[in-house]
Amino acid sequence: MRITLISTYTHPIALGLRYVSSYLKSAGHDVEMIFMSSKRDTARPDWGDRALEECIDRVRERDLIGLSLMTNTFHRACFLTERIREAGIRTPVIWGGTHPTVAPDESIEVADAICVGEGEEPLLQLVEALAAGRDPTGIGSLGFRGGGAFGVRETVRNPVRPLERELDDYPFPDYELETHWVAGRDGLEQARPDNLRGTLHRLRIETTRGCPYPCTFCNNAALLKVYKGKGSWVRRRSAENVIEEINKARRCFPSIEAVNIVDDLFFVRSEEEIEEFAIKYKERVNLPFELDAFPNTITEEKVRSLSRVPIGLISMGIQSGSVDTLKNIYSRPTPIDKIAAGIDIFHKYRIKAEYHYIVSNPYEPEQNVIETMRFIADHHRGRSVLRVFPLMFYPGTPLYDRAIADGIIQGRDHAAYDYMYTGSLQFAKHDYLAAWLRCVLSLRNVGLPRWACHRLIDFATHSMTRKLIDKRWFGPISYGTYQLGRKLVKNLVYQPFIKPLTYLRRPPRYEEVFPEDEVTLPRNNMGMTDAAGGSDERAKALAYEAIQRSERRRRLRKTPPPRARWTVPEINQHALRYRPVALASTSEETLASIEAGDPTLAAAHASVQRTDGNEPSRARQPLPLIDPEPPKES
């Protein structure tokens, strides 16, 4: 089968889609990936006409088209799906990713089919059914639109499959660049390390799946409901398997400078597991290392073990410094003293930290916001990266359901669909107390003493102050002051004095040379109008082209070419767990390697009786599936 998978995300990371692609390729199918990314973070489709035309041309002769999306790329996915159909293409379009999982009813109104939850095995079953001419509408985790390309009269929604437990058996994500295309200014470009916006400079790795905490603002709460009774939600890969993936990527792509663990909960591992990972990582990788942390899972012993590796950054979601907000609004079982202890531990071991807060919550009393400001004044220590996000009601989350019931939003929170909320947009949409909270964070971050922060909070929350400046103009004025202050510090202090000293110790990393690729901030649309509009427009277009050529040369100098070709495995060991008959049509050499590495598959092979006298063939045949028993909850 010929399949094209399209990423609608603004950044061409798309780790989940890469897993699906690798899973299908290693089962013998022809898969291409198209990254319809953008040079800026936007929820709107902003691709050029040529990129769209070439994308349509590449999917015209394919047998299945898959799109991956989140809520804030819903408009982009709708636009692409409509353009595919307007081009007269009748190939089925299936959507997958976070949004179809948490908002399946909305998604199935547009796509021919949707995949709810983890998509590797459901997509392979769908492809096999289509290739064999079988009815695919009973496959678990999939839904089919009535009147769509799959020929069902009424919409079909199947229950999700049990969760997959053996993560080590999955093929590594797909980085076969010769089958990947990236949207550029002049159309689709063959994927290269220098046009993937840092994807092959800071390698993203998934070492666990799932998070056990049902925070009401997070789509993980919706996923927990989707997979209730389907097995243990939190699953881990072995340290050896993770190290193997990192080193395979490094052998192929010398451009890799750092590793970013994208897990919700890396610290969910035991202290012994963290110790084992740290030893192996130090000995065999030893690149700068970034990860996320949940306060409840942090211990000093775990951080001490990890401190032996070059940690680049640990991100921790604090969200609020109010016990009431954490417990009664966010359902977040995080004691304040655990959060404070985590901050102290990171400071003790001199680990660069990033802290996240949520503001502008209509359910949060003002007193709780003030408590958070007091917490910041008391407990933040040393410089850190700060992220302050306005609350958005994402579909499927408990806060979304509550906001619908209370009439705060009607049908959907349009901000969740229409904005990325990165960079300056975060600050511009803050309310009065949220703006002061960010101010206290920034001042504490540069070393303002605790007592001075508390006096500032007293001033900001005093009734007379609020009467005078808690007005509609305060937000724009505070935003402008913030931006001016940032520019002054950056241009007058950081650039001339601090930055050169940093680079005396080490060369600059890719994300420091091209920060727009790693920390993507909203920027003005750099698309040019048609040159026929006059000499001024032509001059602008020529200037822009010169800038683009210069930027490409800089990226090429910073990005060494691949050293070797990335390849997916010839055999999908995970898929064979459901298809032991497939072993009867597999080469003896491959069977020997499977049996040596996996006793379970070896036993499955032993149970298969060959019914013909011919030599085994590598050609895949339609195979009966063995659905697993739902594993017990743990």
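All figures in this text were calculated on a predicted structure; none of them were measured in a lab.
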- Report yes if the side chains of Leu291 and Thr207 come closer than 4.5 Å at any heavy-atom pair, otherwise no. no
- Message: Whether Asp30 and Arg62 form a salt bridge (side-chain N of Lys/Arg under 4.0 Å from carboxylate O of Asp/Glu) is what I want to check.
- Response: yes
- Item | Sidechain-backbone polar pair: Asp263 side chain, Thr208 backbone, donor-acceptor under 3.5 Å | yes
- CD of Glu118 to CG of Leu163: how many Å apart, nearest 0.5 Å? 5.5 Å
- Arg145 side chain to Ala111 main-chain N or O, any donor-acceptor pair under 3.5 Å? yes
- Item | Donor-acceptor contact below 3.5 Å, side chain Asn72 vs main chain Ala43 | no
- Does atom CD of Glu154 have more than 12 heavy-atom neighbours from other groups under 6.0 Å away? no
- Query: Heavy-atom distance under 4.5 Å between the side chains of Phe217 and Ile358, does that happen here?
  - Reply: yes
- From the list Asp63, Leu64, Ile3, side chain to side chain contact (heavy atoms under 4.5 Å, CB included) with Leu130 holds only for Leu64
- Message: Looking at every heavy atom in both Asn195 and Val182, which two are closest together, and how far apart are they?
- Response: O-CG1, 3.8 Å
- Val568 side chain near Pro171 side chain, heavy-atom distance below 4.5 Å: no
- Could you check whether the rings of Tyr417 and His75 sit parallel, tilted or perpendicular, using 30° and 60° as the cut-offs? tilted
- Query: More than 12 foreign heavy atoms under 6.0 Å from CZ of Arg565: is that the case here?
  - Reply: yes
- Task: Taking the side chain as every heavy atom from C-beta outward, state whether Leu196 and Tyr175 have any pair of such atoms under 4.5 Å apart.
- Result: no
- Query: Do the non-hydrogen side-chain atoms of Pro45 and Leu80 ever get within less than 4.5 Å of each other?
  - Reply: no
- Do the side chains of Ile261 and Asp292 get nearer than 4.5 Å, heavy atoms only? no
- Closest non-hydrogen atoms of Asp418 and Arg44, given as atom of the first, atom of the second and distance, are OD1-NH2, 3.5 Å
- Item | Test: Asp401 and Lys225 ion pair at under 4.0 Å | yes
- Query: Closest heavy-atom contact between Leu15 and Pro173?
  - Reply: CD1-CG, 3.8 Å
- Query: Cut-off 3.5 Å, side chains only: do Glu106 and His99 have a donor facing an acceptor?
  - Reply: yes
- Checking side chain to side chain contact (heavy atoms under 4.5 Å, CB included) against Arg76, which of Thr10, Leu67, Thr81 comes through? Thr10
- Message: Donor-acceptor pair, distance only, cut-off 3.5 Å: does the side chain of Asn220 make one with the backbone of Cys211?
- Response: yes
- Message: To the nearest 0.5 Å, what is the distance between OG1 on Thr101 and CE on Met70?
- Response: 12.5 Å
- Do Asp194 and Arg192 meet the salt-bridge criterion of a basic N to acidic O distance under 4.0 Å? yes
- Task: State the CZ-NE2 distance between Arg165 and His574, to the nearest 0.5 angstrom.
- Result: 9.5 Å
- Given Arg237, which of Glu166, Glu206, Glu245 fulfils the salt bridge (charged side-chain N to carboxylate O under 4.0 Å, His left out) condition? Glu245
- Query: Can you tell if the side chain of Gln125 reaches within under 4.5 Å of the side chain of Leu142, non-hydrogen atoms only?
  - Reply: no
- Query: For the residue pair Glu121 and Ala575, what are the closest heavy atoms and their distance?
  - Reply: OE1-CA, 4.2 Å
- Find out whether the Lys NZ or Arg CZ of Arg197 is both under 6.0 angstrom from the six-membered ring centre of Phe35 and within 45° of the ring's axis. no
- Item | Donor-acceptor under 3.5 Å (Glu54 side chain, Leu188 main chain) | yes
- Item | Check: Asp112 side chain, Phe150 main-chain N or O, donor-acceptor pair, under 3.5 Å | no
- Task: Answer yes if the side chains of Thr98 and Asn219 hold a donor-acceptor pair under 3.5 Å, and no otherwise.
- Result: no
- Message: Please check: side-chain N/O of Ser37 versus main-chain N/O of Pro12, any donor-acceptor pairing under 3.5 Å?
- Response: no
- Item | Over all atoms of both residues, closest heavy-atom pair of Glu176 and Thr567 | OE2-CA, 3.3 Å
- Shortest non-hydrogen separation from Gly143 to Ile108 and the atoms involved: C-CD1, 3.7 Å
- Between Arg209 and Tyr19, is NZ or CZ placed under 6.0 angstrom from the six-membered ring centre and within 45° of the ring axis? yes
- Query: Rounded to the nearest 0.5 Å, what separation is found between the CD atom of Gln410 and the CD1 atom of Ile404?
  - Reply: 7.0 Å
- Charged N to carboxylate O below 4.0 Å: is that the case for Glu164 and Arg235? no
- What distance separates Glu61 CD from Thr91 OG1, expressed to the nearest 0.5 Å? 8.0 Å
- Query: Which value, rounded to the nearest 0.5 Å, describes the distance between Asn158 atom CG and Phe144 atom CZ?
  - Reply: 6.5 Å
- Short question: side chain of Arg18, backbone of Met33 - any donor-acceptor pair under 3.5 Å? no
- Does Glu244 pair with Lys248 as a salt bridge, N-O distance under 4.0 Å? no
- Task: State whether the side chain of Lys25 and the backbone N or O of Asp174 hold a donor-acceptor pair below 3.5 Å, judged by distance alone.
- Result: no
- Parallel, tilted or perpendicular: ring planes of Trp95 versus Phe74, cut at 30 and 60 degrees: perpendicular
- Ser26 backbone acceptor or donor facing Asn572 side chain under 3.5 Å: no
